[in-house]
Amino acid sequence: MSTTMTPDALLGGPSLPQERRIVTELPGPKSAEILERKAAAVAAGVTASMPLVAVAAGGGVVVDADGNSFTDLGSGIAVTSVGNAHPAVARAIADQAAALTHTCFMISPYESYIAVAEALNRLTPGDHDKRSALFNSGAEAVENAVKIARKYTGKQAVVAFDHGYHGRTNLTMALTAKNRPYKSGFGPFAPEIYRAPASYPYRDGLTGADAAKRAIDLIEKQVGSENLAAVIIEPIQGEGGFIVPADGFLEAVTAWCRENDVVFIADEVQTGFARTGAMFASEHFGIVPDLITTAKGIAGGMPLAGVTGRAEIMDAAHAGGLGGTYGGNPVACAAALAAIDAYENDDLAARADRIGRLLTERLAAIQQADPRLGDIRGRGAMIAAEFVDPTTGEPDASLVAQLAAACAQQGVLVLTCGTYGNVIRFLPPLAIGDELLDDALDVIASELTKI
Ligand code: PLZ
C-alpha cells in the first residue's frame, strides 16, 4: 500500500478507488500538521469532528492528505447525495465558471436560475401554480420562507417544534430547539417564535392523531391562529434524531393550518432530493406543503437553497422584497441542473430506497444481539440508530460518541445527531456501492462489541 498519491487519485469523483484503506495513524502526519494550523487560524467555535484533512472524494469515499481512504456515511451532512465531484456536476461547474461566474440575478438575470426555479416548481409536491426564489444556504431559505409567510398572512407568530433544526442565523436559531451547541449564549433570539411538542413515537408512544391534538391544543391556547403566520416543520426531523412522526401527525397539522389560514412550511433542507427514497419526504405522508425549503442535496455540493410554494403566497412579497447578492449564483445553478438531472435520470430515489433496506436489515441484526440499540428508524438513505441504556431507556450519548470515534479510526465516517446526542445517523452518498456499505456496517458492528 502506497502513501503517495498520483495526481489522478486527487481528482475525486467515482474513479477514485472505492475502498476503505487506512495507511497511517489517524490523523496522519500531513493531516495533523494542517489541523495544527487550523487551531492557530480558525475560530475555535468552528470545530471539525473527523481525524483527517480531505483532499479528494467521490462515489462512497473521502481521501485524506495522507492517502487514507474513508468510507463516507455522511455525505457532508446530506449534501453530496449524487456523489462527491460527480462528473456531470464538476463539468457543469467548470463550464459555467469559464463563461460567467456572477452578475447578480437582481441586476442581469441568466437562464439557469430560471431553469432551477422551473425544476423546483415541477418536482416539489402538488400540482398547483408555484413560484420559487433562490438563496445561498438552508438557513437563508428558512428566513425567507418566514418573511414570505408573514407578508402573505399579515400575521407575525411562527410555530416550530421540539427537536426541530432550522439553522444558525438569528431567526433560525430561534426556530431551532436544541440549546447546545447551537444557541447557548448567542441570544437574544428573534421574537414571536413559539414551540410545540412534536411526534416522537419511540419516546412518546402517542398516535399521530394524539400527538397532533397535543400540538394544536397548545398552539390554540398559547398563540391563536389569528396571530399565527406559519408552522414550520421538517417532515422527518434531521439534526433532532431522524425522527419519523407517527402516521397521521403531519396530515392533521397541515389540515389544521389550511382551515386556519396558517402557512404550512415543510423544511426539506435535509430530507429533499431523493434522500428519503422519494424526491421529497412530504410525499411519504401524502402532504402538500404551502411552502417548501430546499438546500443541501440540490446542487451536489455547491451552496444553493430555494423556497418554493403556492404562487399567491410567493408573490405576496413586493417587488425588490426578496433577493441577495449571491442568491442563485450561476455556478451553483449550473451544478444544480446537473445534479437534478442525475436525481431524475439515474433514479436515485430508488437507489436511496435500496440503501435504506440494506442499512435497516444490517441494523436489525445488530439490534438482535445488542439491546442498547433501542430504535431503528428513517426512510430511504436517511436511517438512524438510537442507543439507550436497555434497563432504563435513558439516552446513551457516551456510547454513540465512542462508537463514531472508533469507526473513524477504522476508516468509516459516521455522524451522530439527536436532541440527546444518542443517535448514529446514516446519510451515505447515493453513489456508494453495496460492498463498501456492507463493509462499513461490519466495522460498526465490530466496534460496538468493544464498547
Ligand atoms: N434546515 C432541516 O438540516 C442544516 C446543520 C449542520 P444551512 N443541517 C445541518 C450544522 O451543525 O450547522 C439544516 C437542516 C434543516 C435548515 C438547515 C440549515 O441549513 O445550509 O446549514 O444553513
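Please read these numbers as outputs of a predicted model, since none were measured by experiment. Every number for a ligand or one of its atoms is a count from 1 in the order of the listing.
Of the polar atoms of Glu234, none of the N or O atoms is found under 3.5 Å from an N or O of ligand 1, judged by distance alone. Residue-to-ligand polar distances place Ala139 within reach of ligand 1: an N/O pair is separated by less than 3.5 Å. Considering backbone and side-chain N/O of Tyr182, none are found under 3.5 Å from N/O of ligand 1. By the 3.5 Å distance cut-off applied to N or O atoms, Gly167 is not counted among the residues near ligand 1.
Each of the following atoms of ligand 1 lies closer than 4.0 Å to a heavy atom of Ser137: 20 (O), 22 (O). The contact set between ligand 1 and Arg168, taken as ligand atoms under 4.0 Å from a residue heavy atom, comprises 10 (C), 11 (O), 12 (O). Close approach of ligand 1 to Gly138 (heavy-atom distance below 4.0 Å) involves ligand atoms 7 (P), 18 (C), 19 (O), 20 (O), 22 (O). Annotation for ligand 1: atoms under 4.0 Å from non-hydrogen atoms of Ile77 are 6 (C), 9 (C). Ligand 1 places these atoms under 4.0 Å from at least one heavy atom of Asp267: 1 (N), 2 (C), 15 (C), 16 (C).
A salt bridge is absent between Asp261 and Lys155; no separation between the charged side-chain nitrogens and carboxylate oxygens falls under 4.0 Å. Classification of Glu344 and Arg122 as a salt-bridged pair holds, one side-chain N sitting under 4.0 Å from a carboxylate O. Between Glu140 and Lys147 no salt bridge is recorded (no basic side-chain N to carboxylate O distance below 4.0 Å).
Ring geometry for Phe105 against Tyr113 counts as parallel: the plane angle stays under 30°, on a 0 to 90° scale with 60° as the upper cut.
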Pair up each side-chain donor or acceptor in residues 304-315 with any protein partner under 3.5 Å, not counting sequence neighbours, and list the distances.
| unit_1 | atom_1 | unit_2 | atom_2 | d |
| --- | --- | --- | --- | --- |
| Thr308 | OG1 | Ser132 | OG | 2.7 |
| Arg310 | NE | Asp290 | OD1 | 2.7 |

Cut-off 3.5 Å, no hydrogens considered: what does the side-chain donor-acceptor table look like for residues 348-355, sequence neighbours left out?
| unit_1 | atom_1 | unit_2 | atom_2 | d |
| --- | --- | --- | --- | --- |
| Arg351 | NE | Leu430 | O | 3.4 |
| Arg351 | NH1 | Asp434 | OD1 | 3.1 |
| Arg351 | NH2 | Ile432 | O | 2.7 |
| Arg351 | NH2 | Asp434 | OD1 | 2.9 |
| Arg354 | NE | Asp434 | OD2 | 3.0 |
| Arg354 | NH2 | Asp434 | OD2 | 2.3 |

Steps toward side-chain contact (heavy atoms from CB on, under 4.5 Å) verdict (Tyr194, Ile219): CA-CA 8 Å; Tyr194 301 86; Ile219 296 169; over 6 Å; no

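Counting heavy atoms closer than 4.0 Å to ligand 1, residue Glu268 contributes nothing at all. With a heavy-atom cut-off of 4.0 Å, Glu140 does not touch ligand 1 at all. Counting heavy atoms closer than 4.0 Å to ligand 1, residue His166 contributes backbone atoms (N, CA, C, O) but none from C-beta onward. Contacts with ligand 1 closer than 4.0 Å are made by no heavy atom of Ala295, backbone or side chain.
Side-chain rings of Phe135 and Tyr326 stay apart, their centers remaining 6.0 Å or farther from each other.
Ligand 1 has Lys296 within reach: a non-hydrogen atom of the residue lies less than 4.0 Å from it.
Tested against Glu239, the residues His166, His163, Gln270, Lys178 include a single side chain to side chain donor-acceptor pair (under 3.5 Å) partner, Gln270.
Put simply, CG on Leu373 and CG on Leu363 are 6.0 Å apart, with the number rounded to the nearest 0.5 Å.
Under the 4.0 Å distance rule, the nearest protein heavy atom to atom 21 (O) of ligand 1 falls outside the cut-off.
Closest to atom 3 (O) of ligand 1, if we only count protein heavy atoms, is Gln270 NE2, 2.9 Å.
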